[in-house]
There are 2 protein chains.
Amino acid sequence: MTTEVMSEDVAGGPAKPMRADARRNYERLVDAARRVFAEHGGDASMEAIAKEAGVGVGTLYRHFPKRIDVVEAVYRNDVDTLIDAADRGMLDPGPWDALASWLRAYVDYAQAKKVFLNELHEAFDKNPELKLDSRERIWASCDRLLVRAQEAGEARCDINGEDLMQLVSPMCVHATLDPAQSERLLAMVLDGLRPPPEAAPRLDPRQH
Amino acid sequence: MTTEVMSEDVAGGPAKPMRADARRNYERLVDAARRVFAEHGGDASMEAIAKEAGVGVGTLYRHFPKRIDVVEAVYRNDVDTLIDAADRGMLDPGPWDALASWLRAYVDYAQAKKVFLNELHEAFDKNPELKLDSRERIWASCDRLLVRAQEAGEARCDINGEDLMQLVSPMCVHATLDPAQSERLLAMVLDGLRPPPEAAPRLDPRQH
DNA sequence: TTGAAAAACGGAGGGACCCTCCGTATACTA
DNA sequence: TAGTATACGGAGGGTCCCTCCGTTTTTCAA
């Protein structure tokens with residue numbers, strides 16, 4: 001896991017570990033919120049989230065004083081999951097498959113994000129570092145997987161992780177995009193990412 | 001005026017004229033909504049808008065069945081005002097001054113829009129033609145004013161209206177931009193838009 | 001001018017939602 | 001195991017969107 005759930009995690013204080021029941025409920029709430037947002041949209045009610053988690057609203061508000069804090073927690077958790085997936089992918093024996101399946105995970109992540117994009121923008125406005133840090137971490141993960149595939153000769157070398165994300169993210173953001181279409185587009189991108197058949201000399205984008 | 005306030009304006013039916021009191025209240029409500037959004041943000045309450053207009057909420061809801069309809073009406077009215085200003089500018093004796101002051105009006109319009117951007121995005125999602133039509137009308141207005149200034153030799157000729165809007169609109173969208181800064185930037189753009197001192201041969205962007 | 005029909009007005013109130021408060025229950029610690 | 005710090009639950013206050021319907025105003029034909 002990338003982050004440990006602690007009290008006063010953000011303030012950076014002594015961070016006494018949470019009581020067992022509190023920690024259990026925290027995790028239940030984040031998972032419940034993700035499900036409820038996915039089903040009812042970004043304007044789902046706090047009551048619905050608490051109910052889905054099998055918990056009272058008081059408990060929900062103890063962990064997340066404002067509605068926006070729930071959105072932020074779901075987002076942070078999604079990003080962490082994505083980074084963890086990349087870290088696990090680095091241990092995968094097949095560098096190409098690791099990259100391909102991580103990109104699929106990324107597309108899923110981005111599509112899930114769309115449902116509460118408005119709320120997320122609010123969170124970004126309140127806390128710009130959240131957006132910048134997350135993007136940087138995701139791009140770095142992509143780059144690690146890509147470099148490994150390139151070094152194994154399984155991906156073309158004239159593309160870097162930032163390029164790849166710049167290509168794939170806007171695709172996911174677009175409003176009218178169903179999962180089947182995104183799967184087709186991603187397949188095309190992956191084919192294009194393979195080393196070209198003839199071994200013409202190419203520039204390394206990382207040199208300059 | 002670009003649009004006449006009628007009942008069933010959108011449906012395109014026979015459009016019986018509104019009763020005098022209804023029309024008066026409709027206009028009061030749109031003006032009040034603009035003021036209230038500007039002061040309290042895009043999440044201002046319907047009650048506040050009705051109160052500002054000196055009208056009951058029932059009247060507000062008769063004219064605008066849903067909250068989003070108020071947002072749309074304010075936006076349409078703003079766009080109409082902008083187009084009207086361009087039309088009046090076409091009669092202005094000074095083509096350059098007409099263009100410059102219309103661009104200032106555009107920047108004001110865009111800045112005012114920022115305060116309820118979230119709500120506007122909802123309206124665009126519900127009704128994509130609203131966004132496309134408005135943009136096209138605004139761009140066309142810009143182009144008319146620019147062409148006239150170019151034909152009078154008061155603006156450089158290697159830029160068209162679409163180029164100009166593509167330069168100025170993103171500037172307005174950016175979140176951290178105060179009016180003073182936008183005035184400075186616009187002044188710079190206007191200076192750059194003047195015909196260059198030396199009469200070097202230039203391409204006409206409208207040729208291809 | 002007048003009187004009746006059509007149209008619009010106003011605001012109480014229903015339902016949903018965010019968030020608070022505090023009595024009760026549970027998990028840690030000595 | 002007893003005591004305490006911590007967490008839980010949900011009733012309810014305040015706000016907001018929107019509906020409903022009795023009242024008022026405007027319009028227009030006679």
Side-chain angles (χ1 to χ4, degrees), chain A residues 5-9 11 13-30 32-33 36-37 39-74 116 118-119 122-123 126, chain B residues 5-9 11 13-30 32-33 36-37 39-74 116 118-119 122-123 126:
Chain A
V5 177
M6 300 284 220
S7 54
E8 305 191 51
D9 208 4
K16 235 167 70 176
M18 293 169 83
R19 234 173 67 172
D21 52 350
R23 170 166 193 141
R24 173 171 43 77
N25 281 334
Y26 179 97
E27 284 163 2
R28 276 185 187 173
L29 280 166
V30 174
V36 172
F37 283 145
E39 184 159 5
H40 293 82
D43 55 351
S45 76
M46 298 293 267
E47 275 79 4
I49 294 169
K51 191 172 184 180
E52 172 78 18
V55 143
V57 281
T59 301
L60 173 51
Y61 277 97
R62 167 176 326 283
H63 288 290
F64 308 103
K66 304 279 173 195
R67 193 174 188 289
I68 198 82
D69 298 322
V70 181
V71 174
E72 180 172 335
V74 170
F116 57 119
N118 269 354
E119 287 73 15
E122 259 178 75
K126 211 188 74 178
Chain B
V5 178
M6 299 284 219
S7 53
E8 307 191 50
D9 207 5
K16 235 168 65 177
M18 293 170 83
R19 233 172 68 173
D21 52 348
R23 170 166 191 139
R24 175 173 39 80
N25 281 336
Y26 179 96
E27 285 163 2
R28 276 186 187 172
L29 280 166
V30 174
V36 173
F37 283 145
E39 184 160 3
H40 293 85
D43 55 351
S45 77
M46 298 293 265
E47 275 78 4
I49 294 169
K51 191 172 187 182
E52 171 78 19
V55 144
V57 283
T59 301
L60 173 50
Y61 278 96
R62 167 177 326 283
H63 288 290
F64 308 102
K66 304 280 172 192
R67 194 175 186 289
I68 197 85
D69 298 321
V70 182
V71 174
E72 181 172 334
V74 170
F116 58 117
N118 269 355
E119 287 74 16
E122 260 179 72
K126 210 189 73 178

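In what follows, chains carry the letters A, B, and so on, assigned in the order in which the sequence lines appear, proteins first and then strands, with residues in each chain numbered from 1.
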Chemist: Is it true that A:Asp21 and A:Arg28 make a salt bridge, defined as a side-chain N closer than 4.0 Å to a carboxylate O?
Modeler: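 Judged by the 4.0 Å cut-off on N to carboxylate O distance, A:Asp21 and A:Arg28 do not form a salt bridge.
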Chemist: Using a 4.0 Å heavy-atom cut-off across all strands, classify B:Ala44 as base, sugar-phosphate, or nothing.
Modeler: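 B:Ala44: backbone/sugar contact only, no base atoms under 4.0 Å.
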Chemist: Which nucleotides of nucleotides 25-30 of chain C have their base under 4.0 Å from a protein heavy atom (B), which only their sugar-phosphate (S), and which neither (-), written as one string 5' to 3'?
Modeler: -BSS--
Chemist: Should the pair B:Lys126-B:Glu122 be classified as a salt bridge under the 4.0 Å nitrogen-to-oxygen rule?
Modeler: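 Here B:Lys126 does not pair with B:Glu122 in a salt bridge, since their nearest N and O are not under 4.0 Å apart.
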Chemist: Atom CZ of A:Arg23 and atom C1' of D:dT6: how far apart are they, to the nearest Å?
Modeler: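 The distance from CZ of A:Arg23 to C1' of D:dT6 comes to 16 Å, rounded to the nearest Å.
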Chemist: Using 30° and 60° as the class boundaries, would you call the ring planes of B:Phe37 and B:Phe116 parallel, tilted or perpendicular?
Modeler: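 Plane angle under 30°, so parallel.
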Chemist: Quickly work out the B:His40 NE2 to D:dC16 C1' distance and round it to whole Å.
Modeler: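 Nearest whole value for this atom pair: 14 Å.
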Chemist: Respond yes when some side-chain nitrogen or oxygen of A:Asn25 is under 4.0 Å from OP1 or OP2 of D:dC8, and no when none is.
Modeler: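 Yes, A:Asn25 has a side-chain N/O under 4.0 Å of OP1/OP2 on D:dC8.
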Chemist: Quick one, which residues of residues 61-70 of chain B touch DNA chain D with a heavy atom under 4.0 Å?
Modeler: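 Going residue by residue through residues 61-70 of chain B, the ones with a heavy atom under 4.0 Å of DNA chain D turn out to be B:Tyr61, B:Lys66, B:Arg67.
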Chemist: Side-chain N or O of A:Thr59 versus OP1/OP2 of D:dA7: is the shortest distance under 4.0 Å?
Modeler: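 Answer no for this pair, as no side-chain N or O of A:Thr59 is under 4.0 Å from OP1 or OP2.
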Chemist: In whole Å, what is the span from the CZ atom of B:Arg28 to the P atom of C:dC9?
Modeler: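 Rounded to whole Å, this separation is 10 Å.
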Chemist: Counting the atoms with a prime plus P, OP1 and OP2 as sugar-phosphate, which does A:Ser45 contact under 4.0 Å by heavy atoms, base, sugar-phosphate, or nothing?
Modeler: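 If one applies the 4.0 Å heavy-atom cut-off, A:Ser45 turns out to touch the sugar-phosphate alone, with no base involved.
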Chemist: Per the end-axis method with five pairs at each terminus, what is the bend angle of the helix from C:dT1-D:dA30 to C:dA30-D:dT1, to 10°?
Modeler: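 For the helix from C:dT1-D:dA30 to C:dA30-D:dT1, the axes at either end differ by 0°.
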